[in-house]
Amino acid sequence: MYGYIHSIETMGTVDGPGLRYVVFTSGCPLRCKYCHNPDTWDIKNGKKMSIDEILNDYAEYKPYLKNGGITVSGGDPLVQIDFVTKLFEEAKKRDIHTCLDTSGTSFSFKNQNRLEKFKKLAKFTDLVMLDIKHIDSIQYKTLTGGNLQETLEFLDFLSKEETYCDVWIRHVIVKGYTYKTEYLYKLGYYLGSYKNVKALDVLPYHDMAVNKYAELGLKYPLAGMEAMPKDNAKKARKIIEAGISDRIQNKTAQYS
Ligand code: SF4
């Protein structure tokens, strides 16, 4: 089976536990305003690679990838769910830790065919890094063009016994969009009811992709927006954690 691959990073340090072999797949249905990889959007821009090619290449780096494994990121890997499932199935046969980095886009409990595919994928996935881009559904649509419900249903799916996966949450803070006390707290309060959420990564918006957009002839959606200071990520994290803590202690939410 073949997949369409944007690129491979052999020593990833921020895409899951340990040092990781990171496969960036092509194709993404979202159009996040802060996306720094617009060159991954179109699946056709990817290089066709087989599962054997990827796993043989991984084997070359295996001695260096202590406590790590394979992470599939994107784009959004769920665009190529059959390929990722097969890759993870083969990886598990070789006892490789598997991590899926996604926004959960395209998940639905209602679509039975699709649900079966997700169940199969969950069987071979050790960890999901779930990017929740906004906790307000209207703002989510504005920021990404997508549907928040898909992300939240995916988190729910991963919390069920049959399809359980540990989840690390990722959240990017952007001025005027996600960097607001109310939204951050609400996100935390929502997450507080999920026992499979094991870690939280709050990332400050950066504007390093501006030149990439220019090279691709694309208009940069957040033109003029300043990069978010790292300290603000720490502040945001504290607010999210306050929401999580209130939820765990069954306190009434500070925002409805
Ligand atoms: S999900 Fe990721 S790759 Fe897709 S548009 Fe958003 S930031 Fe870009």
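Both ligands and their constituent atoms are indexed starting at 1 by order of listing.
Aromatic rings from Phe107 and Phe109 are positioned such that their centres are separated by under 6.0 Å.
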Decide salt bridge (charged side-chain N to carboxylate O under 4.0 Å, His left out) for Arg237 and Asp201; before the verdict, give the C-alpha distance in whole Å, the side-chain angles of both, and the deciding distance to 0.1 Å. CA-CA 8 Å; Arg237 187 188 170 88; Asp201 201 6; 5.7 Å; no
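Judged as a side chain to side chain contact (heavy atoms under 4.5 Å, CB included), and not counting sequence neighbours, the contacts of Leu19 are Met11, Thr13, Leu65.
Around atom 8 (Fe) of ligand 1, the protein contributes the following N, O or S atoms at distances under 2.8 Å: Cys35 SG.
The pair Asp136-Lys141 does not meet the salt-bridge criterion, since no charged nitrogen lies less than 4.0 angstrom from a carboxylate oxygen. The pair Lys120-Asp82 does not count as a salt bridge, with every side-chain nitrogen at least 4.0 angstrom from each carboxylate oxygen. Between Glu215 and Lys212, no side-chain nitrogen of the basic residue sits less than 4.0 Å from a carboxylate oxygen of the acidic one, so the salt-bridge criterion is not met.
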